[in-house]
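Here is the structure we will look at.
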Protein chains: 2
Amino acid sequence: MSEKTTIYDIAKELNISAATVSRALNNNPKISESTIKLVMDTAAKMNYKQNRLALALRSGKSGNIGVIVPRINTNFFGSVIRGIEEELHPNKYNVIICQTHEDESREIENINTLLDAQVDGIMISITNESKKNEKIIHRVLEKNVPLIFFDRKKNIDGVSSITIDDFKAGYIATKHLIDQGCKKIAHLCGDQSLEIYENRFKGYQKALLDNGITFDETYVIQSKSNIEDGISVTNKLLQLKTPPDAIFSASDFAALGAIQELKAQGIQIPKDFCVVGFGNEPFTKFMELSISTIDQSPLEMGKMTAKVFLEQMNNTEDFKMEKKIVLNPILHIRKSSSRQNL
Amino acid sequence: MSEKTTIYDIAKELNISAATVSRALNNNPKISESTIKLVMDTAAKMNYKQNRLALALRSGKSGNIGVIVPRINTNFFGSVIRGIEEELHPNKYNVIICQTHEDESREIENINTLLDAQVDGIMISITNESKKNEKIIHRVLEKNVPLIFFDRKKNIDGVSSITIDDFKAGYIATKHLIDQGCKKIAHLCGDQSLEIYENRFKGYQKALLDNGITFDETYVIQSKSNIEDGISVTNKLLQLKTPPDAIFSASDFAALGAIQELKAQGIQIPKDFCVVGFGNEPFTKFMELSISTIDQSPLEMGKMTAKVFLEQMNNTEDFKMEKKIVLNPILHIRKSSSRQNL
DNA sequence: TACGTTTGTGTAATCGATTGCATGATTTGA
DNA sequence: TCAAATCATGCAATCGATTACACAAACGTA
C-alpha cells in the first residue's frame, strides 16, 4: 500500500513551500540551482509522481484524445489508430477509442462521452453524411475542442482533414482495367452519401470518359462492404443482357464476394474477367488468386492525423489553421487483374 | 465560445449554495424534492455538464482503463478490444489503448504511462514470460490498481485472468488431424516462454500420446507468426528423411505460409497433407482453400475481461477476488483438413 | 412552554498542482 | 552608505465537485 507522495510531502520534508517545490520541478528560472537540485533529488528519493488529474483540473487539459471510428477490428481502422497512437504517445497524449458501428446515434453518444471526459481533441471518421450529426459536430467546434476528420470527412470550414484521393483512386483502378483490355467495367459502389464513395464513383466515370467508353448506369450497383452482398450483386450483374467483363469494387470484401460468384459461374479470372478491390485488406494479398486493390496507407493516415492535431495544439497564433491533406492512393496490381502473363 | 457552467453558476442563479446544488444533482435524499427539481431544471436550462476532471481529482478515479496489447491491427486483438470497449462504455469508463510491439521495455513504458495517467485499472496481454517485467507488474499491484490478464498471462496470485484453454485447443486440433488419418503430425510452435504456446504444444503431445502416436521432436519446430517463417520452416520439415503428413500450426499466418510451400512443392491438400492453424483470422475462411483453425472467441474474451474488472471494482468486501476464467476453444474444420468428401 | 428530533442548507475543507502577487534578502550602482 | 534592482521564496487563490460538520427552522411530544 504505497502512499502517493505529493509536492506537499516534499515541501514538508525540506521545510520549504509547495510552491517552491512545484516551481523547482518545473525548472522555473526563478528558483536557485541548489534548490532545484535538492528538490529533484528528494522527489526522486520519495518516488514522487506528478498527479495528472490535479494538473488536468487546473489546466483544463486532460491529456486524452478521442478517436471515433465505425469499428476497430478491421485492418484499415486498426492501422489508422496504430498510426495515431504512435505519433501521440511520445507527446504524452493518451488515445481513447470509440466505435460507432455505423450508427449515427451511437456517434452522437460517443462525441458526448468524449466531451464529458474533457478530451483535448477529437479525431473522427464519420459514419455518413446525413444531417443528423451536423449539430453535434458544431457543438464540438463551439466548445473549441480541436476536431480532425480522417478518411470519411465532412466539408466544414476551418476543420482539418486527412483523406486519400478517392477520385484518383477510382480513376487509376478503372484506367488499369481499361488497360487490361476490359470494355464493360462495372462498379460496386458504396453509400453515395459518403464523400469517399462518391469520389471513387466519379473517378471511375472520369476514367471511362477519358478513354472513350460510354458510361452505362446499369453497370453501377450499390453494395455493402461484405462478401455476401458482393456475391448477390455480382450475380445480378451477370444476369444482364450484356454482362460486364470487369468489376471495380469500392470494397475489398465485396470484391472477394464478386470473385467467389464469378468462379462459381465458371468464369475465368483474369482471362475473361478482371476485378479490382479497394482497401488492401491483408487477405487480398494472401488469396491464391490475389486481388488487385487500392492501398490507403492507413498507418500514414493515422500519423498525419496526429501530426496535424499536434500542430494545431502548438499553434499559439490567433488565427485558425485549416489543413486538408490528401494522401496518394497506391494501386497494387495482383492476379485478379493481371493479363500480361497470359 | 460557450462558457462552461459550473455548480457555482447554478448556485448563484438560484441563490443557494454550491453544496446544495451538488447534492441535488446527485439526488441526495437530504435535499427537498422541490429543490432537487428546481436545480435539475436550472441545470438543464443552463446546459450544465459535470466536470469529470474535478470529480477525478477529488475521487482519485479517472474513469479511464488502460489496455495493453502487442499490437492493435490484428483481428484478434482488435476484436478483444472491441469486446472490452462494448462492455465498459455503458459503465462510463473510457478505454486507453497501448501497444508493446512485443517489446518488453515498451511494455514497461506503457504501464508507467498508464499509472501516470491515473487509470482505474489495467488489462494486459503480456509480451512474454521473461523476468524483466516482473517488477513493474508488482508495482501495479502495490499501487492497488486492478490488473487483469487476458490471453497471454502470468501466473500471479490474486490476479485474475481470462484465457482460452490452449491445452485443449492443441489437443482437439491434433486429435482432428489424427482422425483424418494423419500419422506424422508436425507442430509449428510459438515462443515457449509464453504459456499459451507452451500449452498448445502440450495439448498436441497429449493427443499424440492418447492415440498411440510416438512423439517425435524433429516434427516440432518453432516459427514466428508470419507467412515467411511458415514457408521456410515447412520447407525444412519437407526435407526430413520421413517428412510429416500434417501440420498443426500455433499461428494462422504460419499455417498460411505452410500451405503456400506445400502447394509450391506440388503436395495435395488435404489429400496428401492436412493443415490446421490457430486464431481464426478472417483470411482463413476467405481462402479458396479455406484453412481449418481454432477460434479464440476474442470478442467474448474482451467482454469477460471487462466484466471481471467491473466485478472487482464493485467488490466492496475486504477480501481480494481472483478469477481465472478459461474460455473454450472452438475448432473450425475447413478444406485444409477435410478428407470426408474425398 | 420547553426540549428533543427531524429536515434542509450552508460553511469550509479537501483532492494536488500551479501561479500572481507580496515579501524579505541580497546585490548592484552611484 | 543608502536607494534601487534583482533574486529566491512564501502566501493564498484557483480549477470544480464532494462531503463532514454545523446550524437554523420546523415539528412533535409531554
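Reminder, nothing fancy here: chain letters follow the sequence lines and each chain counts from 1. Bear in mind that the values here come from a model prediction, so they are computed numbers and not experimental data.
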| task | Mind checking Ser17(B) for me? I need base, sugar-phosphate or nothing, with any heavy atom below 4.0 Å counting as a touch. | result | base
| Least distance between heavy atoms, Arg71(B) atom then Gln99(B) atom | CA-OE1, 3.7 Å
| field | Ile122(B): which of Asn110(B), Leu114(B), Ile65(B) passes side chain to side chain contact (heavy atoms under 4.5 Å, CB included) | value | Leu114(B)
| query | Between Ile16(B) (CD1) and dT18(D) (P), how many Å, whole number? | reply | 14 Å
Listing time: all N or O pairs from protein to nucleotides 14-18 of chain C that are below 3.5 Å?
from	atom 1	to	atom 2	distance (Å)
dT14(C)	O2	Arg58(B)	NE	2.8
dT14(C)	O2	Arg58(B)	NH2	3.3
dG16(C)	N2	Ala54(A)	O	3.4
dA17(C)	OP1	Tyr48(A)	OH	2.5
dA17(C)	OP1	Asn51(A)	N	3.3
dA17(C)	OP2	Ile7(A)	N	2.7
dA17(C)	N7	Tyr8(A)	OH	2.9
dA17(C)	N6	Tyr8(A)	OH	3.3
dT18(C)	OP1	Gln50(A)	NE2	2.9
dT18(C)	OP2	Ser22(A)	OG	2.9
dT18(C)	OP2	Asn26(A)	ND2	3.1
dT18(C)	O2	Arg58(A)	NE	3.2
dT18(C)	O2	Arg58(A)	NH1	3.4
dT18(C)	O2	Arg58(A)	NH2	3.1

| How long is the line joining NZ of Lys12(A) and C1' of dG10(D), in whole Å? | 17 Å
| Rounded to the nearest Å, what distance is computed from the NZ atom of residue Lys30(A) to the P atom of nucleotide dT23(C)? | 16 Å
| request: Output yes when Lys45(A) and Glu13(A) qualify as a salt bridge under the 4.0 Å nitrogen-oxygen rule, no when they do not. | output: no
| Relative orientation of the end axes in the helix from dT1(C)-dA30(D) to dA30(C)-dT1(D), expressed as an angle to the nearest 10° (five pairs per end) | 60°
| message | Looking at Glu311(B) and Lys307(B), is there a salt bridge between them, counting it only when a charged N and a carboxylate O are closer than 4.0 Å? | response | no
| Are a donor atom and an acceptor atom from the side chains of Ser34(A) and Ser32(A) found within less than 3.5 Å of each other? | yes
| query | Does the side chain of Thr35(B) get closer than 4.0 angstrom to OP1 or OP2 of dT9(C) through an N or O atom? | reply | yes
| query | For Lys323(A), does the NZ atom sit with more than 12 other heavy atoms under 6.0 Å from it, leaving out its own atoms? | reply | no
| query | Excluding sequence neighbours, so at least two apart, what forms ring-ring contact (aromatic ring centres under 6.0 Å, His included) with Phe309(A)? | reply | Tyr93(A)
| Cationic N near anionic O, under 4.0 Å, Lys324(B) to Glu322(B) | yes
| said: Nearest whole Å is fine: how far is dT11(C) P from Asn15(B) CG? | reply: 11 Å
| field | Val67(B) side chain near Phe150(B) side chain, heavy-atom distance below 4.5 Å | value | yes
| query | Can you tell me if the side-chain N/O atoms of Thr20(A) get under 4.0 Å from OP1 or OP2 in dG10(D)? | reply | yes
| query | Ile36(A) has an atom CD1; how far is it from atom P of dA8(D), in whole Å? | reply | 9 Å
| task | Measure from CD1 on Ile10(B) to C1' on dA17(D) and round the result to the nearest Å. | result | 11 Å
| field | Rounded interatomic separation in angstrom, taking CD1 from Ile31(A) and P from dT6(D) | value | 18 Å
| Whole-Å distance separating the CG atom of Asp116(A) from the C1' atom of dA17(D) | 15 Å
